[in-house]
Every structure is written in structure tokens, then in C-alpha cells.
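Input: a single structure, listed below in C-alpha cells.
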Number of protein chains: 2
Amino acid sequence: MVKWLGETTLFSGMADQHLRDLSGIAMVVSYKRRATIFSEGDQGNGFYLVKEGKVKIFMISPDGKEQILHIFGPGEPFGEVPVFAGQSFPAHAVALETSRLVFLPRDDFIALVAANPALALNLLAALSQRLRQFTKMIDALSLKEVPGRLAAHLLFLSKKQSAGDQLQLELSKTQLASLLGTIPETLSRMLSKLQREGFITLEGASIAIVDREGLEELAEIGKF
Amino acid sequence: MVKWLGETTLFSGMADQHLRDLSGIAMVVSYKRRATIFSEGDQGNGFYLVKEGKVKIFMISPDGKEQILHIFGPGEPFGEVPVFAGQSFPAHAVALETSRLVFLPRDDFIALVAANPALALNLLAALSQRLRQFTKMIDALSLKEVPGRLAAHLLFLSKKQSAGDQLQLELSKTQLASLLGTIPETLSRMLSKLQREGFITLEGASIAIVDREGLEELAEIGKF
DNA sequence: GATTATCATTGACTTAAGTCAATCGGCTGA
DNA sequence: TCAGCCGATTGACTTAAGTCAATGATAATC
């Protein structure tokens, strides 16, 4: 566990003693696929790191439409907001796959932060990074149309997977639609349109980028 | 300056010595109305506190549409993201009024954070709070329609101004539209509609809430 | 291995909100 | 004082994207 903690972004570069302290307060918990980890408004008495599996953070409207904020995988922390501000979670979390999580209880953790400036700086970096992502998401939702958001996401996946012009959608189309702030029907139409107009070729969840420059322009301008 | 710093949320509850240290690295800078403080992509070598005046943080699309992220007034910090993560600003900042700002240079400030856990915890609280706000904004943009966002904003102003059912829009209608992710024409129509349907009465920038329950439901459901 | 669910796709239609254009009023500055 | 601008409002129109519905295609479960 100490070794694993030291390999996460959040705790990288920390002294062994501090990692052992963290390990001392950590608890491993498991959630089955589709299980709720927490809901919006719940008291937050600590936060989580994904050890194995995949977790979805999302909001839901009264009539059931969902907006995904994040998909987190191994090594990534989530649920920190109520640890430091207010107390309730601002969104919902469910396991997308059967997952093992590391839970870090609030009060013990804050004591460690107070005693360890490097940890505090790592946390500040993590939250700042998250703010940057949210800024991009607000920009996309407000100033770009669906094809632009989709193009940006494809370029993001291509970069992340570093497999040249070949990439895999890592989510079901329904989940991807929810991440992009739209619905499956619209996503389906837009993928077809990108293919029809020669930006990509598409078979199932596998996509090949044909016109990277065009996609980049589309992501930038935000519309056809 | 030391006294003023101690009264900001970010530095409240801190020891005098630490406030003096902060004061030692702080510089006061002035910006005229409409002056640019920084632009998206600029290197961030420090962050700011509003001493007097009002600052707008926003993004802009290639064809000139603007989305406001925040309006900050006296005592509020902005521009922290590149201090802790990456290096460039994710958005633009301009002075809405002639303003005096306190600038805190990155490297000196980080040294103080590393030496002062209370400061680190205050910062973590501030960034967490900002994440909570962004979560609400994403929720609003993605899952609520314009009338719902407007209703939520009116209720927010009413609470903030604590003047019963009477409230003032603190921005021009154009700026308010940009904050709500819409355009002035649409905002104008929606304000008329809220009045026509008996939720509010409206004269210029003064609004009286007539049906608070109705507004709350509208803000919750997100649409008529 | 059969039977449900769930997911993806397509077509026809509706609708919220944006665009374009015109008007009015109030400030601002020469 | 007056010309010129910016902000707000309203009307007519367009459009991106959502809704509803039907069909196939998987995939999950007993």
C-alpha cells in the first residue's frame, strides 16, 4: 500500500514516513458495478482514491438527465471538496465497474496535511488542475456546439492513448453523450456526420482520425 | 495592509507574523475600467486579491461570444490556478471598474504556504469552494434552461443582498446574460416572461420577488 | 441457450434559444 | 448643445439539438 500510494500523482515525491502515515489511516473499500459511492448532499467524512476500476462523478436533473463531470480511473482521487469546504458532496459518484477504492478519513487526513507542506502543495496542484478542467468544460458547454465538443474529446483521447490516429472510445456512447452534455441520439448523428464529412472513420468504439487538422479547427471554432 | 489582509476570507485566522510576511511580498497595482489584467494563456507569476473595485473572469469564443465565470469584488482572490498547476491562466481577467488589486508573486507565496499549514488549509478551502461553484455552473448550463438559471440567480442575489424580496441586478443586462450563458435578447425576453407570469416585478435593475416559491421551483426544475 | 434488458441508430417532428434588424432612450464627450 | 454610441427591448426568422417512436443489435441473466 505504501508503495502504491507513492505512485499516485497526489502523493508522489513524498517521504516514506509520510506515506506510511497515510497508509495508516487508509481503508480499502469495494463497490460493485453500478453501486453508489455517495450522492449529492451526503455528508463527506473523507475522500477516495481509485485503486482498481472506474468511477463516474455526475449530476442529475429532476427529470433524469445526467451530466458526467469526471470519469476517474486507477490512481486518481475524488470526493475531496467536502474535506476542505462545506461538508456535503456537490455531485454523485457511482462505480462504473466493480472497483476497489482507498478511503481517507477527513479528520486524520487534515492532521497529516497540516503537518506536511509537500502534501498540501500536491493537493493544491490537484484542485487547481481540476479547476482548469472545469473551466474547459464550461467553455465547451457554453461556447461550443456538440460537434466541436466531440472533436475536442476525440483529440483528447488520441493524445491520451498515443496510438497515432487510431483511438478507442473508452465509454459507451450513452455515457460519452452524458460526458459531452448531450444525448445518445445527437452523439450518434454527429459521429455519422464527422465520418460523412471525412474527418474520421468509425466502426463501433474504434475510430481512426483521417483529417486531424480539420478536427482541430472544429474543436477550436466549436461549430461547422 | 496587514489588517486588511487579515480580514479577507483567504487569510482570516492567521497569526500576525504570517500576515506581516504576506504583506512583505504584496504589491498594490491599479487598473482602469476595462483594462486587461491578464489573458488566457498568459504566464501566471502570481495571483491577485481585489482591494477595491470589481473584476470579471471570462472566456471568449473565436466569434466573440463571452462566458463570464466569476465577478470578484473586494476581499476575493483570483488567478490562483497557475500558481499551483501548470503555469498559464485558463481564462481572461478585466477590470469592470477602476480597481486596486493586491498582487502576490508566485515563488514568494509558495514559500509562505510551505511554511504555514493554516494558510495551506485556507487555500484548499478556497479552491474547493470554487470547485463547488463550478459544479453548480456546469449543472445549470447543461441541465437547466435559461429561465431556471435566471431564477436561481435572482434567488442568489436576494439572499446575498438580504433585503427581503427586493433586489438589484448588480450588472448590466448584457453582462448578466454573459454570466448566465445566454445573450441580452434572450435575457430580456425571459425577464419579461417572469414578470408576465407573476414571479417578479421589474423596473430597470430593481426587481421585487412576488412568488418566491414559484421561483424556487423554477430554479429547481430548470424549466417552465 | 433462450429471454430479457440495454444500447445504438435512424426518421419525423418540436422547441428553446440564437441571429438579424429596427427602434428607443440615455449618456458621453467634442 | 448636439451628434454619436452603447444598452435594452421587441419582432420576425432560423437553427441546433432535444423528444418521441420504431427497429436492430448486443449483451446480460436466469
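Everything numeric here is computed off the predicted structure, so don't read it as measured data. Reckoned from all heavy atoms, side chains included, excluding hydrogens, waters and symmetry mates.
The side chain of B:Lys173 approaches D:dT9 more closely than any other nucleotide in the set D:dA17, D:dT19, D:dT9. Across D:dA8, C:dT9, C:dA17, the shortest atom-to-atom separation from the side chain of B:Ser172 is found for D:dA8. Ranking D:dA21, D:dA17, C:dA17 by closeness to the A:Met190 side chain, first place goes to D:dA17.
Atom CG in B:Leu218 sits about 14 Å away from atom C1' in C:dA16, given to the nearest Å. What separates CG of A:Leu141 from P of C:dA17 is a distance of 14 Å, to the nearest Å. Computed from coordinates, the B:Glu145 CD to C:dT15 C1' distance equals 9 Å when rounded to whole Å. Residue A:Asp63 contributes atom CG, which lies 13 Å from atom P of C:dA16 at whole-angstrom precision. Following rounding to the nearest Å, B:Leu96 (CG) and D:dG7 (C1') show an atom-to-atom distance of 15 Å. Here D:dT14 presents its P atom at 16 Å from CD1 of B:Ile183, a figure rounded to the nearest Å. Atom-to-atom, CD of A:Glu97 to P of D:dA27 comes out at 16 Å; the value is rounded to the nearest Å. Between A:Lys193 atom NZ and C:dT10 atom P there is a gap of 14 Å when expressed in whole angstrom units.
Residue side chain A:Arg34 does not reach the base of C:dT6 through any donor-acceptor N/O pair under 3.5 Å, judged by distance alone. On a pure distance criterion of 3.5 Å, a polar donor-acceptor pair joins the side chain of A:Arg189 and the base of D:dT19.
Regarding contacts with the backbone of C:dA8, every side-chain N or O of A:Ser188 stays at 4.0 angstrom or more from both OP1 and OP2. Not one side-chain nitrogen or oxygen of A:Lys223 sits closer than 4.0 Å to the OP1 or OP2 atom of D:dA16. When the side-chain nitrogen and oxygen atoms of A:Ser192 are compared with OP1 and OP2 of C:dT9, none of them lie within a distance under 4.0 Å. In terms of phosphate contacts, A:Thr174 brings a side-chain nitrogen or oxygen within less than 4.0 Å of OP1 or OP2 of C:dA8.
The pair A:Glu185-A:Arg189 does not meet the salt-bridge criterion, since no charged nitrogen lies less than 4.0 angstrom from a carboxylate oxygen.
For A:Lys136 and A:Phe156, the positive end is not near the middle of the six-membered ring at less than 6.0 Å and at most 45° from its axis.
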- Message: Under the criterion side chain to side chain contact (heavy atoms under 4.5 Å, CB included), I'd like the reasoning laid out for B:Met1 against B:Leu22: C-alpha separation, chi angles, the key distance, then a yes or no.
- Response: CA-CA 9 Å; B:Met1 169 65 94; B:Leu22 284 166; over 6 Å; no
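Mapped onto DNA chain D by nearest heavy atom, B:Leu202 and A:Arg33 fall at different nucleotides, with B:Leu202 at the one closer to the 5' end.
Atom NZ of B:Lys65 has more than 12 heavy atoms from other residues, nucleotides or ligands within 6.0 Å.
Under the 6.0 Å cut-off for aromatic ring centres, B:Phe109 and B:Phe47 qualify, their centroids lying closer than that.
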